[in-house]
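Some notes on the structure that comes next.
The sequence lines fix the lettering, A, B, ..., with proteins before strands; numbering per chain opens at 1.
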Number of protein chains: 2
Amino acid sequence: MDKAIQSRFDEFIRKKGLRRTAQRDVIVEAAFGTTEHFTADELWDMSRRIDPATSRATLYRTLALLVESGLLQEIDLGRDQKYYDPNFLDHPNHNHLICLDCNSVVEFSDEHMEVLEDCITRRLGFRPSSKNLRIEAHCEEMASTGHCKRADK
Amino acid sequence: MDKAIQSRFDEFIRKKGLRRTAQRDVIVEAAFGTTEHFTADELWDMSRRIDPATSRATLYRTLALLVESGLLQEIDLGRDQKYYDPNFLDHPNHNHLICLDCNSVVEFSDEHMEVLEDCITRRLGFRPSSKNLRIEAHCEEMASTGHCKRADK
DNA sequence: GTTTCTGCAAAGGTTTTGCAACAAA
DNA sequence: TTTGTTGCAAAACCTTTGCAGAAAC
């Protein structure tokens, strides 16, 4: 799997005086073996496909470390559960558009948006740290053809 | 309290074939007796200050109705819990900036931002429905004076 | 009178934690 | 060895729900 991510996680782990373990490796491998967003429970499933013995407790503990390290990002898709996004390493400033017709998620980024966000933040007397935009929308395709090409789920 | 809100909620209730009750009135009064954001539990506290008998079950059921009616909006402040915002009636398109130094929340809106969001959405092939921007930032005041004038909490 | 609502207590779902055995360094 | 890690089972949280009595219309 992605050696670069494993070694970045390893580096983070060492800096904290923690230890690299087989269980953690499995969870990291599962988390970055996809570009899909996932819930804690879905990550548990993915991890158990690699090692069926993966426990929930270790999963949650490792998940917290991945988020703290910045490798994984918690995102709010406006659903009931928390989702995690493994794509911020490749696309550091992306945002999410949720299709209300098929529930799919489109990632996008826009540099005008970033400039404007920074500008607004400074005007308010702050120095920007992180910015997060979620757009919910209906797709034109659904409006014109009655169908949404993105599969539901 | 705010008669306009009570009657808008009443209208919503009637349209759904539901009933106006003293308990619901109390919760609506509590929710709109503040301009602060609150959690379900905080709303329960505020409601019990008006009527100590308010039950959690009724609180959650009424909260769901308030959100469904559009009077109250669920927001993600990047904390552990869900927060609810009673200010969308007065400021329909506002966003939130969270001060990482004192944890306070600043509401803001910007029409350039809205135009840009719509523009991006359409470029992606969608028709915008709702847009939600959260900015986390450090305040200049903290950087220069070592203190943040907004009280924590 | 009929239908909805309330409040309790119990259940549900997700996440955290205490602890003893285990493993990394 | 020492210190951190795991996995279990239990607890902690927050939210929802079944049900019987109460209230709205």
Is the shortest side-chain N to carboxylate O distance from [X] to [Y] below 4.0 Å?
X	Y	answer
D76(B)	R134(A)	no
D45(B)	R49(B)	no
D101(B)	R150(B)	no

Would you kindly give the [atom1]-to-[atom2] distance between [X] and [N], to the nearest whole Å?
X	N	atom1	atom2	result
E42(A)	dG13(C)	CD	P	16 Å
L63(B)	dT6(C)	CG	P	13 Å
K16(A)	dA25(C)	NZ	P	17 Å
L65(B)	dT4(C)	CG	P	14 Å
L66(A)	dT15(C)	CG	C1'	16 Å

No-hydrogen, no-angle side-chain donor-acceptor test under 3.5 Å, H94(B) and Q73(B)
no
Between the side chains of E136(A) and S129(B), is a donor N or O closer than 3.5 angstrom to an acceptor N or O?
no
In B/S/- notation (B base, S sugar-phosphate only, - none; protein heavy atoms under 4.0 Å), nucleotides 12-25 of chain D written 5' to 3' is --SBBBB----BBS
Output the distance between atom CD (E42(A)) and atom CD (Q81(A)), rounded to the nearest 0.5 Å.
7.0 Å
Assess whether atom CZ of R48(A) is packed by more than 12 heavy atoms of other residues, nucleotides or ligands within 6.0 Å.
yes
Examine dT6(C): is either OP1 or OP2 under 4.0 Å from a nitrogen or oxygen in the side chain of S55(B)? Give yes or no.
no
Go through residues 71-79 of chain A and report each residue with a non-hydrogen atom lying under 4.0 Å from DNA chain D, sorted by number.
none
Working for side-chain contact (heavy atoms from CB on, under 4.5 Å), residues L133(A) and F108(A):
CA-CA 10 Å; L133(A) 172 63; F108(A) 67 92; 4.1 Å; yes
